[in-house]
Structure formats: structure tokens, C-alpha cells
Amino acid sequence: MTELKPLSIDFFQQPTLELAQNLLGCLLVKETEEGIASGYIVETEAYIGPGDRASHGFGNRRTKRTEILFGEAGYVYTFVTHTHTLVNVVSGPAEESEGILVRAIEPVEGIDLMRERRGIDNLRNLTNGPGKLTKALKIKMDDYGLPITKPPLYITTGKIPEAISKGPRVGIENSGEAKHYPWRFWITGNPFVSRKG
DNA sequence: AACCGGATATACT
DNA sequence: GTATATCCGGTTT
């Protein structure tokens, strides 16, 4: 095993659409008292505030909830929808609401812990969706606003994807034109993406 | 394919 | 205060 260090803050300062693709293959790590759980990021989506009706920061709407999106790149934006927590990485410069949703990971470390947290055995179903991976890694609203560059929640280099696919984002039916933007990226053929691509 | 759960935030009155 | 919407997932038809 090579020693893995968190990516530094400047990695997150590249343009959002590039960062969304460059995060594919990186390792997302969550440390807890129960142990470490991690996985390669295999699917992401970009949300670019001002002109993106699917983004919580659409039209530069700045609220308590979205405040972190307007901050500097490299911080964690968590929110809850229905019964699930979703995790984003803030990107773009300060004062601009841009972020990247982590939609799926490929389990690497702490797989038994993930199985326990998810209450299932099937490896393929542990982390192949944005609400699933947060439960497997125990990412919650507690993590809102943390830097993504140091424990307990951070991203390291991982493997280099062989090929990247892209397409429209998922679950944003009510977002006008924005629903067609090809801002979802995934590692081609990876079995842990949330939907086949 | 439908539907419903149940956290959080924001919009409406 | 009440109503409505949501970057979802599991269960039921």
C-alpha cells in the first residue's frame, strides 16, 4: 500500500466541470471511532449555481443552507432529502455557488463496516448511489462545512480512470433546461455507478 | 411503475 | 404557523 495523503486545497480550485471529472478515481475517506471506510469515486455531478436551476444556489440565492456553497472550494456541503443525506464538495471561487455531488463510490476499505451500516451483504449495493454511500461512510449533517482536505473526511489520489462517460444528471426533473446539461460524469463500465451508462 | 417515508429548508398567508 | 419541494431509496404493485 502506498501512503495516501489528502489532496491539498489547490486541487479543488480548478474549474468545476474539470474537477468533477478529475475527482473520478480519487479515494473518498471517512474516519470514525468504528474505523475507516473509503472508496474510489466513480460518479459525480456538477452543480453550477447562477444559471443552473437544479442547483441550490440557483440565481445566487444565498441562504443559511447554501452558505457553504458560496465559500471557498474544498469544503463539504451536506444536505438531507427525504430520508437520505447527500454529500457535495464545494468548488469554484469564493462568492460563487458551485459544487460537485458525489453520486457513487467503489468500496475499498472498511467494507464490513459498510455492510453493517447499510444492513445488507451485496457489495454492489453498498455505495452505488448518493444516499447509500453517505450511509456506508457515515457522512451526516455533522460533516457540513468541514474541510475535505483532512480527517475525519478527506479525498486522496486513487487510481486513474481508463475512460470517462458523461450525460444528463439524475433526479432533477423539475429544473427546466438545466436537466439536459451533460454534467454527470462516471467511470465508463464501472459496476458501482448508480445507473448504467 | 407507483408510492411513500420523514429531514430540512423555504414559500406562502 | 402551514404548505410545499427536494441532487433518494426501499418496498410494494
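Every chain is numbered from 1, with letters handed out A, B, ... down the list of sequences.
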| Should A/Asn88 and A/Val76 be marked as a side chain to side chain contact (heavy atoms under 4.5 Å, CB included) after you check the CA-CA gap, both sets of side-chain angles, and the distance that decides it? | CA-CA 6 Å; A/Asn88 294 241; A/Val76 177; over 6 Å; no
| request: Check every nucleotide of DNA chain C for an atom under 4.0 Å from a heavy-atom of chain A, then give the first and the last such nucleotide from 5' to 3'. | output: C/dT6 to C/dG10
| Sugar-phosphate, base or nothing in reach of A/Ile172, heavy atoms under 4.0 Å | sugar-phosphate
| Does A/Asp10 have any side chain to side chain donor-acceptor pair (under 3.5 Å) partners at least two apart in sequence or in another chain, and if so, which? | A/Ser8
| By side-chain contact (heavy atoms from CB on, under 4.5 Å) - contacts of A/Lys150 (at least two apart) | A/Pro147
| Would you say A/Ile155 and A/Phe12 make side-chain contact, with heavy atoms under 4.5 Å? | yes
Return all side-chain donor-acceptor pairs below 3.5 angstrom for residues 37-44 of chain A, not counting sequence neighbours, or 'none' if the list is empty.
from    : atom 1 : to       : atom 2 : distance (Å)
A/Ser38 : OG     : A/Glu109 : N      : 3.4
A/Glu43 : OE1    : A/Ser194 : N      : 2.6
A/Glu43 : OE1    : A/Ser194 : OG     : 3.0
A/Glu43 : OE2    : A/Arg103 : NE     : 3.0
A/Glu43 : OE2    : A/Arg184 : NE     : 2.6
A/Glu43 : OE2    : A/Arg184 : NH2    : 2.9
A/Glu43 : OE2    : A/Ser194 : OG     : 2.9
A/Thr44 : OG1    : A/Ala20  : O      : 2.9

| request: State, with a plain yes or no, whether a side-chain heavy atom of A/Leu28 is found less than 4.5 Å away from one of A/Leu133. | output: yes
| said: Walk me through whether A/His180 and A/Glu177 qualify under side chain to side chain contact (heavy atoms under 4.5 Å, CB included). | reply: CA-CA 6 Å; A/His180 303 299; A/Glu177 279 305 298; 4.1 Å; yes
| remark: Residues pairing under side chain to side chain donor-acceptor pair (under 3.5 Å) where one sits in residues 17-31 of chain A, two or more places apart or in two chains, turn out to be A/Gln14-A/Asn22, A/Lys30-A/Asp143, A/Glu31-A/Tyr154
| query | Can you find a pair of side-chain heavy atoms, one from A/Thr149 and one from A/Leu7, that are under 4.5 Å apart? | reply | no
| remark: Expected string for nucleotides 7-13 of chain B under the B/S/- scheme (protein heavy atoms, under 4.0 Å, primed atoms plus P, OP1, OP2 as sugar-phosphate) is B-SSS--
| query | Can you name the residues that form a side chain to side chain donor-acceptor pair (under 3.5 Å) with A/Thr83, not counting sequence neighbours? | reply | none
| Who are the side chain to side chain donor-acceptor pair (under 3.5 Å) partners of A/Thr16, not counting sequence neighbours? | A/Ser91, A/Glu98
| query | Looking at residues 116-126 of chain A, who's got a heavy atom less than 4.0 Å off DNA chain C? | reply | A/Arg118
| task | May I ask you to check whether A/Ser165 and A/Thr188 show a side-chain donor-acceptor distance below 3.5 Å? | result | yes
| query | Any side-chain heavy-atom pair from A/Thr127 and A/Met114 closer than 4.5 angstrom? | reply | yes
| said: Going by side chain to side chain donor-acceptor pair (under 3.5 Å), name the pairs with one or both residues in residues 49-61 of chain A, residues two or more places apart or in two chains. | reply: A/Asp52-A/Arg169, A/His56-A/Tyr77
| said: Quick check on contacts: within residues 38-59 of chain A, what sits under 4.0 Å from DNA chain C by heavy-atom distance? | reply: A/Tyr47, A/Ala54, A/His56
| request: Taking the side chain as every heavy atom from C-beta outward, state whether A/Ile120 and A/Arg115 have any atom pair closer than 4.5 Å. | output: no
| request: Would you classify A/Asn88 as touching base, sugar-phosphate or nothing, given that sugar-phosphate means primed atoms plus P, OP1 and OP2, and contacts are heavy atoms under 4.0 Å? | output: base
| request: Starting at the 5' end of DNA chain C, write a dot or bracket for each base, bracketing those in Watson-Crick or G-U wobble pairs whose two distances are under 3.5 Å and using | for partners on another strand. | output: ||||||.|||||.
